[in-house]
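Values reported hereafter were calculated over all heavy atoms of this structure, with side chains retained and with hydrogens, waters and symmetry mates removed. Every chain is numbered from 1, with letters handed out A, B, ... down the list of sequences.
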Amino acid sequence: MLKINNLNATIDNKSILKGFSLNINPGEVHAIMGPNGSGKSTLSNILSGKKGYETSGEILFEGKDLFELETEERAHKGIFLAFQYPLEIPGVNTNIFLKTSLNAIRKARGEKELDAIEFLKLVKEKSKDLKFDEDKLNRQLNVGFSGGEKKKNEILQMSLLAPKLSILDETDSGLDIDALKIVADGVNTLRDKKNSFLIITHYQRLLDYIKPDFVHVLMNGKIVKSGGPELAIELENKGYENFN
Amino acid sequence: MDNRQKEIDNLKDYKYGFSTDIENTRAPKGLNENVIKFISNIKKEPEWMLDFRLKAFERFKLLKEPDWQKPKYPKIDYQDLYYYSAPKSMDDKPKSLDELDPKLLETYKKLGIPLQEQARLNGIAVDAVFDSVSVATTFREELTKHGIIFCPISEAIQKHPELVKKYLGSVIPTTDHFFATLNSAVFTDGSFAYIPEGVRCPMELSTYFRINASNTGQFERTLIIADKGSYVSYLEGCTAPMRDENQLHAANVELIALDDAEIKYSTVQNWYPGDKDGKGGIYNFVTKRGLCKGKNSKISWTQVETGSAITWKYPSCILRGDNSVGEFYSIAITNNHQKADTGTKMIHLGKNTKSKIISKGISAGFSDMTYRGLVDISAKATNSNNYTQCDSLLMGNKCGAHTVPYIKNKNSESTIAHEATTSKISEEQLHYCQQRGLSSEEAVGLIVNGFCKEVLQQLPMEFAVEAQKLVGISLEGSVG
Ligand SMILES: Nc1ncnc2c1ncn2[C@@H]1O[C@H](COP(=O)(O)OP(=O)(O)OP(=O)(O)O)[C@@H](O)[C@H]1O
Ligand SMILES: [Mg+2]
């Protein structure tokens with residue numbers, strides 16, 4: 001589904017990713033762990049289409065050159081990024097934002113757009129599953145949301161949009177234990193033979209709830225070690241020093 | 001880029017940019033007594049009307065063009081303009097739409113304002129003003145049943161002289177400032193509405209202003225009188241062809257609300273803004289003033305200003321009646337090289353008078369926007385208050401936004417509250433929206449409409465949707 005070959009990325013003359021390669025097949029869950037500043041968010045930003053990076057190397061999504069696609073086209077094709085720091089957008093009602101987003105993606109997929117009633121029914125259902133307080137949906141997007149509420153809002157959007165590839169950038173950071181389980185439920189519900197996940201995290205705990213197929217350690221701009229779930233436990237115990 | 005391509009690109013952005021090829025009757029070029037007499041004569045005006053004009057002209061000759069505004073413009077040669085231009089076919093006023101030049105009907109159809117009976121907009125009476133004449137007014141019979149007068153002002157001068165004499169110039173005197181006085185001397189057409197005592201106008205009244213002729217100034221005049229206990233909602237729309245020259249539009253609008261009456265006046269101003277490099281476009285220098293003459297009266301201005309090369313206007317309320325209310329809701333958008341200096345004046349004279357100002361300014365490209373507003377509470381206006389909220393939204397870092405509030409409170413029992421914010425649409429916000437499948441244009445539309453919501457809500461339903469689209473179109477190409 002996603003093939004990254006020898007990706008290099010530079011911003012403001014600072015080289016961040018240096019020969020990064022990764023292969024994700026349909027249905028797989030990959031976890032990436034790595035110290036602060038190692039380039040995890042840089043990777044997710046580049047996958048999402050954020051501008052401002054100088055890049056070389058190759059990224060293929062379902063065989064297509066990702067660099068050829070605009071940010072929104074990538075979203076239309078099923079790439080979703082749960083942001084490490086979700087943005088606040090004053091003046092924009094959360095419900096309206098979610099509906100506009102869902103319909104933009106449905107339209108691009110050639111599906112019928114949902115009217116207000118159909119949408120509200122769907123969003124109600126999903127909010128209930130995720131124990132997301134519905135009142136928040138009538139507030140301005142992420143404005144005044146607590147850190148955890150913003151993260152949950154990302155997962156709500158993920159479950160609404162049902163993407164093929166979901167990238168979760170530290171979605172678990174700042175979540176209480178109950179919320180962590182809910183987020184994991186959100187992922188597990190969407191998890192099937194076709195949908196894949198790239199989960200960026202600092203903590204092994206999330207991986208207790210979402211069993212990854214692979215765990216990778218990212219350091220100095222590339223993957224220095226890959227393994228199964230046991231690698232996360234090893235990291236938790238020993239830290240990153242051993243990998244240098 | 002070759003010219004043709006440029007033209008096509010422009011048309012994409014400004015779909016009202018076509019012009020109608022029609023034979024015109026024009027006044028001789030220039031500004032003098034003879035031209036004023038020409039206008040008065042072709043309109044078959046009574047003596048008193050000509051006197052009004054000539055008096056204004058005498059005054060005009062003594063006035064100096066103001067230059068305190070932020071947007072500067074090259075000197076206008078007032079002798080190099082035509083002050084009257086109208087389709088020749090209007091020389092003998094057609095009695096019905098069947099007699100109207102098909103080219104005119106076609107023009108309004110293209111503008112989305114069909115005039116024919118079968119195609120008319122539902123529930124909206126339209127007065128269609130083309131350059132210097134009103135070419136048609138719809139739903140007149142229906143309105144007459146309620147005693148409402150809605151007709152071109154040139155016709156009102158002939159048929160309802162007592163009303164026109166009493167109220168014309170009562171809010172904007174002929175001795176007012178430069179452009180208003182010029183308008184009093186040379187105004188050509190516009191709309192007149194009178195709502196009798198106790199009548200709630202059953203439909204929206206509207207005027208659609210179209211500038212077509214080149215090298216011509218448009219000076220329209222609108223007068224709306226809401227008698228005791230009446231209510232009217234009025235909407236004004238404007239477009240013009242794309243031309244390389246700047247064209248002057250200097251209108252006067254006077255509103256009078258008597259006891260317990262309410263006037264809601266909405267404008268969707270979409271004059272040609274000039275091209276991407278700032279060439280051409282309308283100078284929109286209009287004077288709009290409402291008088292809350294009676295007690296408990298209310299005047300509410302709502303404006304969506306997206307067009308014009310320069311917009312320079314301050315729709316105002318004089319709150320003379322006790323307990324009267326003035327409101328000003330504004331969205332002003334400038335893109336490319338457009339400039340705007342707009343706001344309002346709220347003059348509190350009566351007791352317990354209230355005013356509210358909500359202004360949303362959006363600037364993009366190389367444009368420049370100024371909000372300028374005056375709140376003046378006189379010594380006699382006990383227990384009065386004003387609330388002002390002024391928000392600016394910037395897109396990119398080459399545009400400007402300025403807020404210039406003037407506050408005068410001479411009554412210790414009255415209060416004025418002013419809030420202002422400035423924000424910016426960030427790359428990160430756009431990226432977030434795009435990650436969720438929205439194009440950058442859709443994202444800007446969503447953010448901007450969220451920003452303007454409070455004002456858009458004030459527009460009559462039928463126009464809110466149009467205005468929302470217009471807001472999006474005006475900012476197209478301002479991102480990415
Ligand atoms: N615009 C920028 N200009 C200069 N350096 C940048 C820029 N953006 C990111 N960096 C640097 O790139 C490096 C990688 O940042 P990135 O956000 O990808 O790290 P991360 O692995 O996500 O860290 P964390 O675990 O703290 O979230 C950091 O050293 C950061 O300071
Ligand atoms: Mg990060």
Side-chain angles (χ1 to χ4, degrees), chain A residues 44-53 69-109 111 113 139-143 150 153-154 156-158 160-161 163 166-167 169, chain B residues 329-331 333 358-362 389-397 419-458 464-465 467-469 471-472 475-477 479-480:
Chain A
S44 49
N45 284 340
I46 289 171
L47 290 175
S48 74
K50 190 156 192 227
K51 293 178 187 75
Y53 299 95
L69 301 176
E70 292 293 333
T71 301
E72 64 268 27
E73 293 171 319
R74 300 181 194 195
H76 297 159
K77 293 221 177 309
I79 294 179
F80 178 89
L81 168 61
F83 285 76
Q84 182 174 2
Y85 304 108
L87 274 292
E88 296 186 4
I89 308 193
V92 175
N93 174 282
T94 304
N95 254 330
I96 290 177
F97 180 78
L98 298 191
K99 179 165 171 262
T100 311
S101 157
L102 179 60
N103 279 337
I105 285 177
R106 289 182 68 98
K107 194 171 155 195
R109 283 188 200 147
E111 292 169 8
E113 292 179 49
R139 301 222 317 237
Q140 302 175 48
L141 185 61
N142 288 330
V143 177
K150 286 182 185 169
N153 190 10
E154 295 290 283
L156 172 65
Q157 294 179 54
M158 182 186 80
L160 273 172
L161 302 178
S166 303
I167 305 159
D169 191 353
Chain B
Y329 297 94
S330 169
I331 298 170
I333 299 180
I358 307 285
S359 161
K360 307 279 181 178
I362 302 161
Q389 189 190 321
C390 244
D391 298 321
S392 309
L393 184 68
L394 296 165
M395 302 178 58
N397 46 22
E419 285 174 32
T421 66
T422 301
S423 51
K424 220 176 152 161
I425 298 185
S426 69
E427 288 293 325
E428 274 73 24
Q429 286 174 325
L430 287 180
H431 179 248
Y432 185 79
C433 294
Q434 285 173 271
Q435 206 303 300
R436 298 298 135 90
L438 278 63
S439 67
S440 63
E441 251 100 37
E442 287 169 323
V444 168
L446 196 67
I447 295 172
V448 166
N449 277 306
F451 177 78
C452 301
K453 203 164 41 198
E454 272 170 283
V455 176
L456 288 171
Q457 278 165 356
Q458 295 299 322
V465 180
Q468 197 164 332
K469 274 194 220 142
V471 165
L475 288 167
E476 220 155 80
V479 285

| task | Using a strict 4.0 Å threshold on nitrogen-to-oxygen distance, state whether A:Lys50 and B:Glu427 make a salt bridge. | result |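 So A:Lys50 does not pair with B:Glu427 through a salt bridge.
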Considering only heavy atoms, which portion of [X] lies under 4.5 Å from any heavy atom of chain B: side chain, backbone, both, or neither?
X: A:Ile89; answer: both
X: A:Gln140; answer: neither
X: A:Tyr85; answer: neither
X: A:Leu98; answer: neither

Supply the atom-to-atom distance [X] [atom1] to [Y] [atom2], rounded to the nearest 0.5 angstrom.
X: A:Ser48; Y: B:Tyr432; atom1: OG; atom2: OH; result: 12.0 Å
X: B:Ser426; Y: A:Glu88; atom1: OG; atom2: CD; result: 10.5 Å
X: A:Ile96; Y: B:Lys453; atom1: CD1; atom2: NZ; result: 6.5 Å

| field | Test side-chain contact (heavy atoms from CB on, under 4.5 Å) applied to B:Gln435 and A:Leu87, A:Ile167, A:Leu81, the passing residue | value |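 Single pass found, and it is A:Leu81.
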| Which atoms form the tightest heavy-atom contact between B:Gly437 and A:Ala104, and what is the distance? |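 B:Gly437 and A:Ala104 have their closest heavy atoms at O-CB, 3.4 Å.
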| Exercise: identify the closest heavy-atom pair between B:Gln434 and A:Ala75 |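 Scanning both residues, the minimum pair turns out to be O-CB, 3.9 Å.
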| task | Using non-hydrogen atoms and a 4.5 Å limit, figure out which bit of B:Cys433 sits close to chain A: side chain, backbone, both or neither. | result |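 Both parts, heavy atoms under 4.5 Å.
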| task | Kindly assign one of parallel, tilted or perpendicular to the pair A:Phe83 and B:His431, based on the angle between their ring planes and the thresholds 30° and 60°. | result |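 Aromatic pair A:Phe83/B:His431 classed perpendicular.
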| message | With a sphere of 6.0 Å drawn around NZ of A:Lys150, does it hold more than 12 non-hydrogen atoms of other residues, nucleotides or ligands? | response |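 It does: A:Lys150 NZ has more than 12 such atoms within range.
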| field | 4.5 Å side-chain heavy-atom contact, B:Arg436 and A:Thr100 | value |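 Counting from C-beta outward, B:Arg436 and A:Thr100 never come under 4.5 Å.
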